[in-house]
Amino acid sequence: MLAKRVIPCMDVKDGRVVKGVNFVNLRDAGDPIELASRYDEQKADEVIFLDITATSDDRATTIDLASRASAELHLPYCVGGGFRSVEDIRTMIAAGADKVSINSAAVANPELITQAARAFGTQAILCAIDAKAVPGNPNKWEVYVAGGRKATGIDAVAWAREAQARGAGEILLTSMDRDGSRDGFDCALTRAVARAVDIPVIASGGVGKLEHFAEGILEGEADAVLAASVFHFGELTIRQVKEHMRSCGIEVRL
Amino acid sequence: MIVVVDYHKGNLLSVERGLVAAGASVQVSDDPAVIAQADALVLPGVGAFADAAQTMLQLGQTSVIRSLVEQGVPFLGICLGMHLMFEEGIEGAPETDTEQSSNNAQGLAILPGVVGKLPHTDMSGTTYKIPHVGWNTVQPYADASQFSSPLFHGIDPGEYFYFTHSYCAPDGPFAIGQTTHARPFISAVQYKDHAFGVQFHPEKSSDAGALLLKNFVHLAQTL
């Protein structure tokens with residue numbers, strides 16, 4: 001049976017992991033490849049590098065990162081941030097990335113998903129969605145872009161459906177209300193999107209403790225669960241998380 | 001020299017590096033003349049069947065690969081590369097096409113049959129997510145207790161490998177491994193004693209994947 005995935009996510013700026021890394025026994029806590037190799041050894045199912053600056057100067061650094069990752073990692077990895085054209089994506093895939101995630105650029109130009117899926121295959125294209133609850137409307141979430149700074153008025157569930165129709169192979173769904181809160185995933189949001197699409201959904205935003213991962217799968221109905229700081233700070237290991245998930249009856253690769 | 005066949009559809013770095021780590025000397029090439037000199041071939045997997053089949057034909061690769069495999073040159077197809085071992089594929093064909101249609105794209109026809117869509121419901125009607133993405137287990141075909149193919153030498157039944165696909169190979173006596181997502185499907189195939197195909201990505205499948213590539217490199221060096 002297909003195992004549910006546990007995915008550490010690294011925010012990368014100027015070629016360094018940011019958002020806090022406090023990992024024991026790392027020679028260089030800020031190096032994304034060294035950190036990812038550690039997660040590889042711990043049997044993470046894949047890793048995601050999010051380029052959070054993605055300015056043109058930074059781009060070369062991120063391409064270099066993708067190339068180093070393909071040399072040193074033995075698991076699939078995704079690179080996100082700053083893709084505006086099929087050519088941008090082509091460069092990253094040629095550098096070795098298995099998948100790319102597209103967020104703001106896809107909202108601005110949904111045709112980018114269609115073109116990218118046609119060029120590189122559905123399996124290579126993740127549509128990342130940052131969603132925030134609409135006040136006073138418990139089952140509505142709005143899509144935000146530009147790193148969560150700009151509201152779009154677009155319904156998150158409808159956008160996930162469109163992304164699928166255009167050829168996205170997975171949805172990376174982040175709850176902005178929960179991101180950084182350590183209160184757990186927004187399971188209502190995750191479930192609403194997971195039930196609306198036929199493609200896998202990765203739950204993101206809000207993990208603070210062990211139990212949250214299983215909740216994302218069992219209550220949120222996600223296919224994969226993503227976290228950053230609980231792993232980077234060494235609070236939880238991938239193995240601990242997977243053992244707990246297995247104790248809840250979830251299929252994992254240990 | 002193992003030649004990794006480049007049909008211009010994406011990154012071959014991981015496959016190349018995986019084979020080098022397994023002890024092979026490797027060349028990536030799209031040139032039929034280079035391919036013709038190969039001691040062994042690896043056909044990696046990205047993109048859609050129809051598109052890849054057409055590019056391979058245009059580049060003059062199809063007939064060269066076909067005749068090398070007939071001559072007994074060791075071959076490994078990965079993901080789409082495994083699909084291309086079959087006669088036909090529906091992926092990328094017009095939407096009105098069916099598995100019975102003669103409009104399907106033509107593969108290498110090393111193995112018989114049509115590559116079709118992965119079923120997304122199980123026997124009870126429960127729906128499964130497609131693409132099938134992530135780590136799933138590979139079992140010996142037809143509930144055998146151990147893998148008999150040398151490609152899986154030293155690999156236990158039920159080992160996890162990384163998959164990402166929406167289409168799957170037909171069933172047949174060439175099957176050596178199977179995996180379940182909604183329903184059981186064929187995840188590894190063998191033709192004679194020298195040509196293999198795997199639905200998963202050994203180059204992305206941690207230690208078990210590295211061992212499988214090592215087994216192939218060993219076969220390529222000894223056959």
Side-chain angles (χ1 to χ4, degrees), chain A residues 1-7 40-46 66-78 89-99 117-126 164 167-171 194-195 197-202 221-224 251-254, chain B residues 6 8-18 20-21 45-49 51-52 79-80 91-92 118 120-122 127-137 139 158-167 179-184 200-211 213:
Chain A
M1 213 168 101
L2 182 64
K4 298 296 182 184
R5 287 171 284 159
V6 176
I7 307 175
D40 192 354
E41 284 163 23
Q42 291 184 359
K43 292 202 174 176
D45 296 304
E46 55 191 80
S67 170
R68 284 174 59 214
S70 90
E72 297 192 29
L73 304 180
H74 305 94
L75 78 176
Y77 65 95
C78 174
I89 296 169
R90 190 184 306 280
T91 309
M92 198 58 76
I93 286 180
D98 298 290
K99 317 177 189 186
R118 200 177 289 148
F120 312 110
T122 282
Q123 84 294 332
I125 309 302
L126 261 76
Q164 166 178 282
E170 291 178 74
I171 302 288
R195 287 184 179 180
V197 296
D198 300 320
I199 56 179
V201 173
I202 304 166
E221 300 179 14
D223 302 281
E251 174 98 6
V252 288
R253 178 182 71 112
L254 268 172
Chain B
D6 180 5
H8 302 181
K9 292 297 158 194
N11 121 69
L12 310 174
L13 278 174
S14 305
V15 172
E16 182 187 359
R17 285 167 171 165
V20 169
V46 273
F49 190 109
D51 204 20
C79 195
L80 178 59
E91 185 182 9
L118 196 61
H120 73 286
T121 54
D122 65 13
T127 314
Y128 288 69
K129 299 280 183 166
I130 304 282
H132 172 230
V133 183
W135 297 75
N136 204 335
T137 53
Q139 302 288 350
E159 183 60 76
Y160 280 101
F161 291 91
Y162 182 77
F163 290 80
T164 175
H165 63 118
S166 305
Y167 294 80
T179 296
T180 300
H181 182 65
R183 297 166 195 232
F200 49 85
H201 289 269
E203 77 281 11
K204 291 287 167 185
S205 294
S206 194
D207 298 344
L211 181 52
L213 289 177

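Contact of A:Val252 with chain B is made through the backbone alone, with heavy-atom distances under 4.5 Å. For chain B, the nearby part of A:Glu170 is the side chain; its heavy atoms alone come within less than 4.5 Å. With a 4.5 Å cut-off on non-hydrogen atoms, A:Lys99 touches chain B through its side chain but not through its backbone. Residue A:Thr122 touches chain B through its side chain alone, counting heavy-atom pairs closer than 4.5 Å. Of the atoms belonging to A:Ala97, it is backbone heavy atoms, and not side-chain ones, that fall under 4.5 Å from chain B. The parts of A:Asp45 that come within reach of chain B are both its backbone and its side chain, each placing non-hydrogen atoms under 4.5 angstrom from that chain. For A:Ala95, the part lying under 4.5 angstrom from a heavy atom of chain B is the backbone only. Of the two parts of A:Arg253, the backbone and the side chain both hold a non-hydrogen atom closer than 4.5 Å to a non-hydrogen atom of chain B. Heavy atoms closer than 4.5 Å to chain B are found nowhere in A:Glu41, neither backbone nor side chain.
Contact detail for A:Ala94 and B:Leu13: the closest heavy-atom pair is O-CD1, 3.7 Å. Between A:Met1 and B:Tyr160, the shortest heavy-atom distance links the atoms O-CE2, 4.2 Å. Residues B:Asn136 and A:Leu2 approach most closely at ND2-N, 3.2 Å, considering heavy atoms. Pairing each heavy atom of A:Pro200 with each of B:Val133, the nearest pair is CG-CG2, 4.1 Å.
To the nearest 0.5 Å, atoms NE2 (A:His74) and OH (B:Tyr162) are separated by 16.0 Å. Residue B:Thr127 holds its OG1 atom at 12.0 Å from CZ of A:Arg195, rounded to the nearest 0.5 Å. Rounding to the nearest 0.5 angstrom, the gap separating the CD atom in A:Gln123 from the CG atom in B:Leu80 is 9.0 Å.
Top candidate by heavy-atom pairs under 4.5 Å with chain A, chosen from B:Ala21, B:Ser14, B:Gly134, B:Gly158, is B:Gly134. Among the candidates A:Ser67, A:Ala71, A:Ala224, the residue making the largest number of heavy-atom pairs closer than 4.5 Å to chain B is A:Ala71. Most heavy-atom pairs under 4.5 Å with chain B: of the set A:Gly96, A:Gly121, A:Ala194, this distinction falls to A:Gly96.
No side-chain heavy atom of A:Pro76 sits less than 4.5 Å from a side-chain heavy atom of B:Thr164. Within the 4.5 Å cutoff, the side chain of A:Leu75 has no heavy atoms near those of the B:Ser206 side chain.
Checked by atom type and distance alone, the side chain of A:Asp198 never pairs as donor or acceptor with a backbone atom of B:Lys129 at under 3.5 Å.
Heavy atoms of other residues, nucleotides or ligands lying less than 6.0 angstrom from CG of B:Asp122 number more than 12.
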